[in-house]
Each structure stands twice: as structure tokens, then as C-alpha cells.
Amino acid sequence: MNALYFKDLSDKIHRGVIAVVLRGCVPGGQLPGYDLVHALDEFREPIRGKCKVNEEQTAIIREISEYYVEGWKFKHICDNLSHQASSDRSSGKPGCCAKRWDQTSRLYELS
């Protein structure tokens, strides 16, 4: 019986995720390069899954993608981003991130 319950639950969740995507929303949580929009609908219910583009993170994601297409190794991409962040901090400009980039860096830690 447990297997049947879990299969039904899985199907229900899958249908819910498909419905959210068909409405044009994001079924998960935070996405790199996007900010979640916190707003209420006409019934004062929270609107879930709406996103707007975060230009600062999007620029970094594009840069990472360009390096990857050029054939850079992930370690070299991280070193380059760390160097850029440290040079931004030393010049007085706000840097893209507050910590050193490494292979465990998450894009949502940029802000």
C-alpha cells in the first residue's frame, strides 16, 4: 500500500509542477540571475514563482558561460572571477561578491 500511496503522491506533485510551468512561473526556488517577485494578487494571496532579471548576476553568468564556451577549465574561471572581485574591492568599487570564488561557490551568494 505504501508504494501505491507514494506513486499517487509523485503523480500529484508532477501534475502540480507542470501546471506552474504552463502558467509561466518557476516551480522551484531561487534561480541564478533572477530575483523572486513578492506580490499579492486580487484576492490578497501571494503570487508564487514570478521572477525578474537581476542584471548584476546575469552579467556574471554570461561571463562564466563565455569562458566555458571558449574552453576554460572551471578552476581557471573561478580564479579569474576571484581576481576581478579582489581588484574591484581594492579600487573602492563594490565587488561582485564578498568571498573568494572556488568550486563550491553558488551564484546566489553573489548579492
Side-chain angles (χ1 to χ4, degrees):
M1 289 304 269
N2 260 349
L4 183 60
Y5 169 76
F6 286 126
K7 178 63 177 158
D8 288 342
L9 183 62
S10 172
D11 290 341
K12 180 180 177 182
I13 292 171
H14 188 73
R15 285 192 308 268
V17 168
I18 289 173
V20 169
V21 170
L22 291 175
R23 281 196 312 252
C25 298
V26 178
Q30 179 77 26
L31 291 173
Y34 294 91
D35 291 328
L36 294 177
V37 175
H38 300 285
L40 300 175
D41 63 6
E42 64 272 6
F43 301 110
R44 308 287 296 161
E45 295 288 325
I47 298 173
R48 291 176 171 56
K50 293 293 181 184
C51 297
K52 65 179 178 176
V53 175
N54 182 326
E55 293 298 331
E56 180 181 348
Q57 289 182 5
T58 303
I60 295 170
I61 292 169
R62 284 187 185 129
E63 186 176 357
I64 291 170
S65 300
E66 289 170 5
Y67 290 147
Y68 181 77
V69 168
E70 291 174 8
W72 286 39
K73 292 184 179 179
F74 189 65
K75 181 181 183 332
H76 295 140
I77 295 171
C78 292
D79 290 342
N80 188 32
L81 292 170
S82 295
H83 178 71
Q84 287 177 2
S86 65
S87 66
D88 286 347
R89 282 195 294 269
S90 65
S91 66
K93 295 186 292 187
C96 67
C97 56
K99 69 182 212 73
R100 177 168 162 68
W101 280 81
D102 59 13
Q103 293 184 1
T104 60
S105 294
R106 304 263 189 240
L107 290 174
Y108 57 81
E109 293 175 349
L110 296 174
S111 54

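Just so you know, these numbers come straight off a predicted model, no measurement behind them.
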Between atom [atom1] of [X] and atom [atom2] of [Y], what is the distance when rounded to the nearest 0.5 Å?
X: Ile60; Y: Glu55; atom1: CD1; atom2: CD; answer: 12.0 Å
X: Cys78; Y: Phe74; atom1: SG; atom2: CZ; answer: 3.5 Å
X: Asp8; Y: Leu4; atom1: CG; atom2: CG; answer: 4.5 Å

Those residues that, when tested against Val69, pass side chain to side chain contact (heavy atoms under 4.5 Å, CB included) (two or more places apart):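 Listed in chain order: nothing, the list is empty.
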
With Asp41 via side chain to side chain contact (heavy atoms under 4.5 Å, CB included) - residues at least two apart: Phe43, Glu45, Ile47

Residue pairs involving residues 9-32 (criterion salt bridge (charged side-chain N to carboxylate O under 4.0 Å, His left out); sequence neighbours excluded):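 Qualifying pairs: Lys7-Asp11.
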
Selection residues 59-69 - residue pairs positive for salt bridge (charged side-chain N to carboxylate O under 4.0 Å, His left out), sequence neighbours left out: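 As it turns out, there is no salt bridge (charged side-chain N to carboxylate O under 4.0 Å, His left out) pair with a partner in residues 59-69 once direct neighbours are skipped.
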
Taking every non-hydrogen atom, the tightest pair across Asn54 and Thr58: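 It is O-OG1, 2.7 Å.
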
Nearest heavy atoms of Val17 and Pro27, plus distance in Å: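 Smallest interatomic distance, heavy atoms only, reads CG1-CB, 3.9 Å.
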
ILVMFWY cluster, Tyr5 and Ile13 together (side-chain gap under 4.5 Å): yes

Student check: side-chain heavy atoms of Val53 and Asp35 closer than 4.5 Å: no

Side-chain (Ser65) to main-chain (Ile61) donor-acceptor, under 3.5 angstrom: yes

Remaining members of the apolar cluster that contains Ile18, side-chain heavy atoms under 4.5 Å: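 Besides Ile18, the hydrophobic cluster comprises Leu22, listed by chain and residue number.
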
Partners passing ring pair (Phe, Tyr, Trp, His ring centres under 6.0 Å) against Tyr67 (at least two apart in sequence or in another chain):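 Scan of Tyr67 (ring pair (Phe, Tyr, Trp, His ring centres under 6.0 Å), adjacent residues dropped) gives Trp72.
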
